[in-house]
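Proteins get letters first, then strands, A, B, ... in listed order; numbering begins at 1 in each.
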2 protein chains.
Amino acid sequence: MRALIIEDDEKIGASISTALELAGFLTVLEKDGEEGWFLGSSEPFDVIILDLGLPTLDGLTILKRWRKENCITPVLILTARGNWDERVEGIDSGADDYLVKPYRSEELVARVRSLVRRSTGHAAPNIEVGDIVLDTRQMRVSRDGQPIPLTPQEYRLVSYLMHNNNRVVDQMELTEHLYSQDFERDSNSIEVLVGRTRRKLGKNSIKTRRGFGYIMEDENE
Amino acid sequence: MRALIIEDDEKIGASISTALELAGFLTVLEKDGEEGWFLGSSEPFDVIILDLGLPTLDGLTILKRWRKENCITPVLILTARGNWDERVEGIDSGADDYLVKPYRSEELVARVRSLVRRSTGHAAPNIEVGDIVLDTRQMRVSRDGQPIPLTPQEYRLVSYLMHNNNRVVDQMELTEHLYSQDFERDSNSIEVLVGRTRRKLGKNSIKTRRGFGYIMEDENE
DNA sequence: GTTTTTCTGACAATTCACTGACAATACGCT
DNA sequence: AGCGTATTGTCAGTGAATTGTCAGAAAAAC
């Protein structure tokens, strides 16, 4: 999962970034509003953390622009304490959730996880596909109750596929959401990653739709 | 479905091309305006993506020429941000939709799909013919709710026939829209493809009009 | 019944995905 | 900081699914 963080305060930005990376996200941190808007408009993110009160371009303006462009990526806005107006206006402008500074970073991570889940149609923090369970809070994957140790990259793969369960995901999309910068196209790293993950989860966990992509789906399909 | 992309920027062009190919399109990428105009006039495309601001020949000029020639292929124009004039003029010149840079490639693909659907008279993203349903977003075909796995080429065939439902499509037309470069005429690959697809969809899904071509049609006709 | 058109099964070529071995890199530990 | 281990990317070779070709069979038209 890729998260875009737009925050001008150096320290706060870095702390959000590390907190989310520990939670398994890939992050892009941007201080400038204009540049941030551009990133959100041109690259696919799974969630965006947006500070209101940016220098060059105001957060609410960015948000409104995105929404006008049919961008439906979930957005969490950060507001200063007491600014009720901002908060209300943020929701009106299309924010999906808001968080008041100061906050504990666990709180932020929890909110972000929840946003990502809800945006992919999952209410509960545990996502089940077939006999595989993804525990988004503990970042663990288990099969029939047996925990399966995965490497960080493998976890990201499974997490992305399970959030988007019953949907074929092509290699391009996986590359975009599993690697920070865009990536040499001529390598087969995704195939290798899928192969390794499959060996741990079981042959039929991740299915190949030749010519289309990969899918994790419930049995009855 | 065949898409013509006229875009001088090497990288942008390539990214549009791969995005559309992953979405099941065959693409032709052309950097030169003059050459692009010629291609659009001489070969049958299902949709054209046209960048305004080309070096040799301006996009709007190309578009106007096509329309004067009674070419009705749907055209999506790409404009730089803020150029309202261009956009308005584009619509006036016969563009069917426009997209402002920067954009996410999912958005582009969605617009292109929508254009192709509308140009063949389909409002919804799911097209139903008889008991067969084509899900254009997920690129899946199902019958009575049961998904039917198809190979990429088979999918292209069904997609084309279902977009053009209740209309007889001859082999020449199918060849032109299902293969990138012009193809040896003496092979019977279309017949074989139809046969294989029929085996998966059911005997009566694709009907043969001997001497004319193939058709997928609703039962009551 | 003959001719034309389309269908079908078998084979071949190609493309695409998987695998195992190796190399590079990142990471944790003392 | 330096070493050892785990993780990840690369590459070449293997295997399998897809697609095209061809020849003969079936079906339709006359």
Side-chain angles (χ1 to χ4, degrees), chain A residues 18 21-22 24 26 139 141 148-161 168-216, chain B residues 18 21-22 24 26 139 141 148-161 168-216:
Chain A
T18 53
E21 280 179 13
L22 282 172
L26 300 169
M139 293 171 54
V141 175
I148 300 175
L150 295 178
T151 70
Q153 195 70 334
E154 287 164 0
Y155 175 79
R156 289 195 198 102
L157 171 69
V158 176
S159 172
Y160 193 81
L161 287 177
V168 177
V169 179
D170 62 55
Q171 282 203 20
M172 188 67 211
E173 185 179 341
L174 280 178
T175 305
E176 285 173 342
H177 290 264
L178 261 52
Y179 295 90
S180 352
Q181 42 266 54
D182 33 10
F183 206 59
E184 353 263 305
R185 196 82 51 70
D186 54 341
S187 100
N188 69 341
S189 52
I190 292 284
E191 287 166 25
V192 175
L193 179 62
V194 169
R196 285 171 179 152
T197 308
R198 235 182 222 144
R199 221 171 295 163
K200 296 190 184 177
L201 292 190
K203 267 296 187 218
N204 271 21
S205 49
I206 303 174
K207 289 169 194 154
T208 302
R209 291 267 184 279
R210 186 175 240 259
F212 295 95
Y214 298 100
I215 184 174
M216 289 182 72
Chain B
T18 54
E21 280 178 15
L22 283 171
L26 300 169
M139 304 202 311
V141 174
I148 300 174
L150 295 179
T151 69
Q153 194 71 335
E154 287 164 1
Y155 174 79
R156 290 196 197 99
L157 170 69
V158 175
S159 173
Y160 193 81
L161 288 176
V168 177
V169 179
D170 63 49
Q171 283 203 18
M172 188 64 211
E173 184 179 341
L174 279 178
T175 304
E176 284 173 344
H177 290 264
L178 260 51
Y179 295 90
S180 359
Q181 39 264 55
D182 31 10
F183 207 62
E184 354 263 305
R185 196 83 55 74
D186 55 340
S187 100
N188 69 340
S189 53
I190 292 284
E191 287 167 25
V192 176
L193 180 61
V194 169
R196 284 173 179 151
T197 307
R198 238 181 218 144
R199 218 172 299 164
K200 295 189 184 178
L201 292 190
K203 266 301 188 214
N204 272 18
S205 49
I206 303 174
K207 289 166 193 156
T208 302
R209 287 289 148 79
R210 182 172 251 262
F212 297 96
Y214 299 100
I215 184 173
M216 288 181 72

Query raised in the report: Considering all heavy atoms of both residues, which atom of B:M216 and which atom of B:L161 are nearest to each other, and what is their separation?
Result: SD-CB, 3.7 Å
Query raised in the report: D:dC11 phosphate, OP1 or OP2: any side-chain N/O from A:S187 under 4.0 angstrom?
Result: no
Report summary line: With sequence neighbours left out, the residues meeting side chain to side chain donor-acceptor pair (under 3.5 Å) with B:Y155 are none
Query raised in the report: A:E21 has an atom CD; how far is it from atom P of C:dA26, in whole Å?
Result: 14 Å
**Report entry** Euclidean distance, atom CG of residue A:L157 to atom P of D:dT8 [Å, nearest integer]
**Finding:** 11 Å
Query raised in the report: With B:T151, which residues qualify under side chain to side chain contact (heavy atoms under 4.5 Å, CB included), at least two apart?
Result: B:Q153, B:E154, B:K200
Report task. Could you tell me, to 10°, how much the axis swings from one end of the helix from C:dG1-D:dC30 to C:dT30-D:dA1 to the other, five pairs per end? Result -> 40°
Query raised in the report: Where is the tightest heavy-atom contact between A:T208 and A:R198, given as atom of each residue plus distance?
Result: OG1-NH2, 2.5 Å
Report task. Starting at atom CD of B:E154, determine the distance to atom P of D:dT18, rounded to an integer number of angstrom. Result -> 8 Å
Query raised in the report: With B:S205, which residues qualify under side chain to side chain donor-acceptor pair (under 3.5 Å), at least two apart?
Result: none
Query - Qualifying residues under salt bridge (Lys or Arg N to Asp or Glu O under 4.0 Å), relative to A:E176, sequence neighbours excluded - result: none
Report summary line: Sequence neighbours excluded, the answer for side chain to side chain contact (heavy atoms under 4.5 Å, CB included) partners of A:P152 is A:R156
Query raised in the report: Looking at B:Y179, does any N or O in its side chain come under 4.0 Å of the phosphate oxygens OP1/OP2 on D:dT19?
Result: no
Report summary line: From CG of A:L174 across to P of D:dG9 the rounded distance in Å is 13 Å
**Report entry** ring pair (Phe, Tyr, Trp, His ring centres under 6.0 Å) partners for A:Y160, two or more places apart
**Finding:** A:H177
Query - For A:Y214, side chain to side chain donor-acceptor pair (under 3.5 Å) partners two or more places apart - result: none
Query raised in the report: What is the per-nucleotide protein-contact pattern of nucleotides 8-18 of chain C, from the 5' end, where B denotes a base atom under 4.0 Å from a protein heavy atom, S denotes such proximity for sugar-phosphate atoms only, and - denotes neither?
Result: BSB----BBSB
Query raised in the report: Could you give the CD1-to-P distance, from B:I206 to C:dC7, as a whole number of Å?
Result: 10 Å
Report task. For B:K207 and D:dA28, give me the distance from atom NZ to atom C1', rounded to whole Å. Result -> 18 Å
